[in-house]
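Worth knowing before you read on, the calculation uses all heavy atoms, side chains too, and leaves out hydrogens, waters and symmetry mates. Quick caveat: nothing in here was measured; it's all calculated off a predicted structure. Quick note: residue numbers are just sequence positions, from 1.
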Amino acid sequence: MSFSSEAKAELCRVNRRKKCCAVAECYGALLYCNSFTPREIRVMTGSADFAALLPRLFRRAFGVGFDRVPEPGAAGTRLTLLMTDREKIARVFRAFGMEPDDTLSLHINLGVLENDCCKASFVRGAFLAGGSITDPAKRYHLELATNHAAVSREMSALLGELGFEPGQARRGASHLNYFKQSEAIADFLTTAGADVAALEIMSARVEKDMRNEINRKVNCDTANADKTVAAAQEQLSAIRALELTRGLDSLPEGLQQAALLRIANPEASLADLAALSVPAVTKSCLSHRLKRLVALSREGEEA
């Protein structure tokens, strides 16, 4: 089961106590379903949980049932619920303050969504019918898709009232409200009632952040190790050149000791070499001596 399917299954288990919220949830589902017209109501879904829930919601909200529903236990990506009875459809329309024959385009009637609980139920219905969410282990993306431009614009405003800032886009005939930030997606799911899915989003975020931090540290350590090796190789080459051209005995005592320490410890860090010096010197001091050896070698090459 996909993460999106799991989130929808969780939303279908939310305890629905109030009739007004059942009406609001159906409203969201209808504005984001496949067809909501005076001639038919058609809801197609891949969620067996939603297909089983919606007829119960309709009976509670409107006192009507669908004319066709999937067989019990049916599964698939195109489970269809259909209502064609004109009287039933008219009853549904009127519950939202609309007359079927006078409705030219669909809008969100905010009078049906006066309470915050009803707004949350409306958003939940919209997600169940027209929403999707990607697996947070891969990327963060949640969207609501409807065929109605006005509904999409008004949904954006409604989400703004709930504290969200969704993006808007169009894909073919679909108008989208979407989120790409993990925090916003988790908050949306919490508002809709999917607390477990929201927690999984945040857990995925923490895991990704930890993995990225580990990768950054590993890359940094690797880069530092590469720099240390490259610097040591340059120092060893300079020391060998000086040994051939002038002999290490001709060097000042400090430089001679630094050269011998590097030859004996070709992979050691500056800090380790400084600690091995007798008497001990600072890392900065040893670095200066090794740089002086490299500079002397280059002077010899130029001469």
Side-chain angles (χ1 to χ4, degrees), residues 4-34 36 41 43-45 47-66 81 83 88-89 91-98 106-133 142-146 148 150-166 176-179 184-199 201:
S4 190
S5 297
E6 291 175 354
K8 289 186 177 184
E10 182 183 358
L11 290 174
C12 288
R13 296 192 294 268
V14 171
N15 188 6
R16 293 156 172 86
R17 296 190 181 95
K18 301 178 181 179
K19 180 179 178 179
C20 63
C21 291
V23 172
E25 188 166 351
C26 289
Y27 196 17
L30 288 167
L31 293 178
Y32 279 79
C33 73
N34 301 83
F36 179 32
I41 292 174
V43 181
M44 300 175 68
T45 180
S47 170
D49 297 278
F50 181 48
L53 169 69
L54 199 55
R56 299 197 301 270
L57 277 179
F58 263 60
R59 283 193 293 271
R60 185 174 183 188
F62 316 116
V64 299
F66 283 93
L81 299 93
M83 183 184 294
K88 292 181 182 179
I89 294 174
R91 188 167 181 176
V92 173
F93 267 79
R94 289 170 186 144
F96 307 129
M98 301 183 293
L106 294 175
H107 292 267
I108 299 175
N109 180 0
L110 294 178
V112 181
L113 310 174
E114 293 182 352
N115 302 319
D116 287 344
C117 60
C118 292
K119 291 175 183 176
S121 297
F122 176 84
V123 167
R124 179 168 60 244
F127 179 77
L128 285 169
S132 64
I133 182 173
L142 181 149
E143 67 180 38
L144 303 171
T146 178
H148 313 291
V151 170
S152 183
R153 289 195 303 271
E154 292 157 4
M155 173 62 93
S156 183
L158 177 62
L159 289 171
E161 291 182 18
L162 294 173
F164 297 101
E165 296 182 4
L176 310 178
N177 297 112
Y178 65 86
F179 299 101
I185 294 172
D187 289 344
F188 177 95
L189 291 172
T190 299
T191 297
D195 294 334
V196 174
L199 183 60
I201 293 283

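Around atom CD of Glu114, no more than 12 heavy atoms belonging to other residues, nucleotides or ligands sit under 6.0 Å away.
Counting all heavy atoms, side chain and backbone alike, Asp195 lies closest to Glu10 at N-OE2, 3.0 Å. What you find for Leu113 and Cys118 is that their closest heavy atoms are CD2-O, 3.9 Å. The minimum heavy-atom distance linking Gly97 with Asn109 is given by the pair CA-ND2, 4.2 Å. The heavy-atom pair separating Arg91 from Gly63 by the smallest distance is NH1-O, 4.0 Å. Minimum heavy-atom separation, Met83 to Gly65: CE-O, 3.5 Å. When every heavy atom of Gly193 is checked against every heavy atom of Val14, the shortest pair comes out as O-CG2, 3.7 Å.
A distance of 9.0 Å separates CG in Leu54 from SG in Cys12, rounded to the nearest 0.5 Å. The distance from atom CZ of Arg94 to atom CD1 of Ile89, rounded to the nearest 0.5 Å, is 11.5 Å. To the nearest 0.5 angstrom, Ser152 atom OG is 7.0 Å from Leu176 atom CG. Interatomic distance, CZ of Phe179 versus CD of Glu143, reported as 11.5 Å (0.5 Å rounding). Atom-to-atom distance recorded for Asn177:CG and Arg153:CZ is 11.0 Å, nearest 0.5 angstrom. To the nearest 0.5 Å, atom CG of residue Leu81 and atom CG of residue Leu53 are 10.0 Å apart.
Residues Thr190 and Leu199 have side chains not in contact (no heavy-atom distance under 4.5 Å, counting atoms from C-beta outward). Residues Val64 and Arg59 are not in side-chain contact: their nearest non-hydrogen atoms beyond the backbone lie 4.5 Å or more apart. Here the side chains of His107 and Val151 are not in contact, with every heavy-atom distance at 4.5 Å or above. In this structure, Phe188 and Phe127 have side chains that are in contact, with non-hydrogen atoms separated by less than 4.5 Å. Within the 4.5 Å cutoff, side-chain heavy atoms of Phe164 are placed close to those of Asp187. Side-chain contact between Leu110 and Ile108 is present, with at least one heavy-atom pair separated by less than 4.5 Å. Two residues are said to be in side-chain contact when any heavy atoms from C-beta on lie closer than 4.5 Å; Leu159 and Met155 meet this criterion. A heavy-atom distance below 4.5 Å is not found between the side chains of Leu106 and Leu30.
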Could you walk me through whether Ile133 and Leu189 satisfy the side-chain contact (heavy atoms from CB on, under 4.5 Å) test, starting with their C-alpha distance in whole Å, then the side-chain angles of each, then the deciding distance to 0.1 Å, before giving a yes or no? CA-CA 10 Å; Ile133 182 173; Leu189 291 172; 3.8 Å; yes
In sequence, state the C-alpha distance, the side-chain angles, and the governing distance for Ser121 and Arg124, and then conclude on side-chain hydrogen bond (donor to acceptor under 3.5 Å, both in side chains). CA-CA 5 Å; Ser121 297; Arg124 179 168 60 244; 3.2 Å; yes
Report the C-alpha distance between Phe93 and Phe36 in whole Å, list the side-chain angles of each, state the deciding distance to 0.1 Å, and finish with yes or no for ring-ring contact (aromatic ring centres under 6.0 Å, His included). CA-CA 9 Å; Phe93 267 79; Phe36 179 32; 4.6 Å; yes
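When atom types are taken as modelled, the side chain of Asn34 and the backbone of Met44 share a donor-acceptor pair closer than 3.5 angstrom. For the pair Thr45 (side chain) and Ala51 (backbone), a donor-acceptor distance under 3.5 Å is absent. In this structure, the side chain of Glu25 does not engage the main chain of Gly125 through any donor-acceptor pair within 3.5 Å. A donor-acceptor pair under 3.5 Å links the side-chain atoms of Arg60 to the main chain of Arg16, judged by distance alone.
Between Tyr27 and Phe122, the ring planes are perpendicular. Angles over 60° get that label, and only those under 30° would be called parallel. Ring planes of Phe96 and Phe62: perpendicular class, angle over 60° (limits at 30 and 60°).
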